[in-house]
Amino acid sequence: MSTETFNWSEKTILIAEDVASNYLFLEEVIGRTGAKILWAKNGQNAIEMFTQNNIDLILMDIQMPLLNGFEATRAIKKINPKVPVISQTAYAMAEDRGKSIAAGCDDYISKPISSQKLLHLINKYF
């Protein structure tokens, strides 16, 4: 199995994820691309970080404290509707994809996340 390499050294990716082990996995996978990675531990934090940084893409967990991923995505899309948001959830239910798109997410990936699938999905937006 060949692993493609992506060079995203000019990109900043915000990972909104409240579970440290999930964040560390995503950081490991995306880190190999050279992208700058920011970590928001809840939806409110994601909105704050988005307004303070030049973010190229957001990986948005749906189940988070304070503000869930749907609410955070709606707020972020009001600020900048062009920023790609990919929702991620452990609850791989059919309605989550629809809810994600309705909230303004551009795409959806379910956990457990395949590293190659994730990289190809992100690359689609770069």
Side-chain angles (χ1 to χ4, degrees):
M1 184 173 134
S2 71
T3 49
E4 280 185 73
T5 53
F6 298 97
N7 180 357
W8 299 334
S9 56
E10 303 293 313
K11 304 291 184 186
T12 301
I13 297 174
L14 174 61
I15 299 174
E17 171 62 68
D18 61 316
V19 178
S21 58
N22 291 344
Y23 168 75
L24 292 171
F25 167 76
L26 295 168
E27 181 189 43
E28 172 68 27
V29 172
I30 297 167
R32 294 181 214 145
T33 68
K36 179 180 177 188
I37 299 169
L38 302 175
W39 182 17
K41 296 177 184 153
N42 61 60
Q44 186 61 48
N45 191 220
I47 296 165
E48 290 162 7
M49 292 180 86
F50 181 74
T51 60
Q52 295 163 11
N53 296 277
N54 187 10
I55 308 288
D56 296 295
L57 183 135
I58 301 169
L59 273 178
M60 182 70 73
D61 186 30
I62 296 306
Q63 304 293 327
M64 288 189 296
L66 291 186
L67 210 58
N68 70 35
F70 299 130
E71 295 165 314
T73 297
R74 281 188 203 100
I76 287 168
K77 286 291 192 167
K78 278 183 186 161
I79 299 164
N80 181 355
K82 290 187 172 76
V83 67
V85 178
I86 299 171
S87 69
Q88 42 157 350
T89 179
Y91 308 98
M93 298 178 195
E95 70 262 18
D96 278 343
R97 183 178 183 91
K99 283 183 187 172
S100 295
I101 302 304
C105 294
D106 298 279
D107 227 315
Y108 171 92
I109 192 165
S110 59
K111 299 173 187 173
I113 293 172
S114 144
S115 52
Q116 280 301 302
K117 188 175 176 186
L118 175 66
L119 292 174
H120 283 277
L121 186 59
I122 292 171
N123 198 55
K124 189 168 100 173
Y125 294 95
F126 290 162

Under 3.5 Å donor-acceptor pairs involving side-chain atoms of residues 37-46, not counting sequence neighbours:
{"residue": "Trp39", "atom": "NE1", "partner": "Glu17", "partner atom": "O", "Å": "2.6"}
{"residue": "Asn42", "atom": "OD1", "partner": "Gln44", "partner atom": "N", "Å": "3.0"}
{"residue": "Asn42", "atom": "OD1", "partner": "Asn45", "partner atom": "N", "Å": "2.7"}
{"residue": "Asn45", "atom": "OD1", "partner": "Lys41", "partner atom": "N", "Å": "3.2"}

Check: Nearest 0.5 Å, what's the NZ-CD1 distance between Lys78 and Ile47?
Finding: 9.5 Å

Item checked: Hphob cluster co-occupancy, Ile86 + Phe50, side-chain heavy atoms under 4.5 angstrom -> no

Item checked: CG-NZ distance between Leu14 and Lys36, expressed to the nearest 0.5 angstrom -> 11.0 Å

Item checked: Lys77: partners by salt bridge (charged side-chain N to carboxylate O under 4.0 Å, His left out), with sequence neighbours left out -> Asp106

Next item on the list: First locate atom OH of Tyr108, then atom NZ of Lys99, and finally report the distance between them rounded to the nearest 0.5 Å.
Entry: 10.5 Å

Next item on the list: Taking the side chain as every heavy atom from C-beta outward, state whether Met49 and Ile55 have any atom pair closer than 4.5 Å.
Entry: no

Next item on the list: Indicate, with yes or no, if Leu26 and Leu57 share a hydrophobic cluster defined by side-chain heavy-atom contacts under 4.5 Å among Ile, Leu, Val, Met, Phe, Trp and Tyr.
Entry: yes

Next item on the list: Mind checking side chain to side chain donor-acceptor pair (under 3.5 Å) for Glu27 and listing every partner two or more places apart, or none if nothing turns up?
Entry: Tyr23

Note to self: Quick check: do Gln116 and His120 have side-chain heavy atoms less than 4.5 Å from each other?
What the structure shows: yes

Next item on the list: Mind listing the closest non-hydrogen atom pair of Ile13 and Ala35 along with its distance?
Entry: CD1-CB, 4.1 Å

Check: Which value, rounded to the nearest 0.5 Å, describes the distance between Thr51 atom OG1 and Ile76 atom CD1?
Finding: 9.0 Å

Check: Under a 4.5 Å side-chain heavy-atom rule over Ile, Leu, Val, Met, Phe, Trp and Tyr, are Ile15 and Val85 clustered together?
Finding: no

Item checked: Leu59 side chain reached by Leu118 side chain, heavy atoms, under 4.5 Å -> yes

Margin query: Starting from Leu66, can I reach Val19 by hopping between I/L/V/M/F/W/Y residues whose side chains sit under 4.5 Å apart?
Written below: no

Notebook entry, point to check: Can any side-chain N or O of Asp107 pair as donor or acceptor with the backbone N or O of Ile109 at less than 3.5 Å?
Noted result: no

Note to self: Once salt bridge (charged side-chain N to carboxylate O under 4.0 Å, His left out) is applied, what residue pairs with a partner in residues 45-56 remain, sequence neighbours excluded?
What the structure shows: none

Margin query: Looking at every non-hydrogen atom in both residues, tell me the closest pair between Ile62 and Ser87 and how far apart they are.
Written below: CD1-CB, 3.5 Å

Note to self: For the CD atom on Glu10, are there more than 12 heavy atoms of other groups (residues, nucleotides or ligands in this structure) within a distance under 6.0 Å?
What the structure shows: no

Note to self: In the structure I gave you, are the side-chain heavy atoms of Gln88 and Asn22 within less than 4.5 Å of one another anywhere?
What the structure shows: no

Notebook entry, point to check: Would Leu24 and Ile113 show up in the same hydrophobic cluster when neighbours are defined by side-chain heavy atoms closer than 4.5 Å?
Noted result: yes

Notebook entry, point to check: Atom OG1 in Thr33, atom CG in Asn7: separation rounded to 0.5 Å?
Noted result: 7.5 Å

Check: For the residue pair Met60 and Met64, what are the closest heavy atoms and their distance?
Finding: SD-CE, 3.7 Å

Notebook entry, point to check: Who are the ring pair (Phe, Tyr, Trp, His ring centres under 6.0 Å) partners of Phe126, not counting sequence neighbours?
Noted result: Trp8

Check: Under the side chain to side chain donor-acceptor pair (under 3.5 Å) test, which residues partner Ser21, sequence neighbours left out?
Finding: none

Note to self: As an exercise, state the distance from CZ of Phe6 to NZ of Lys11, rounded to the nearest 0.5 Å.
What the structure shows: 13.0 Å

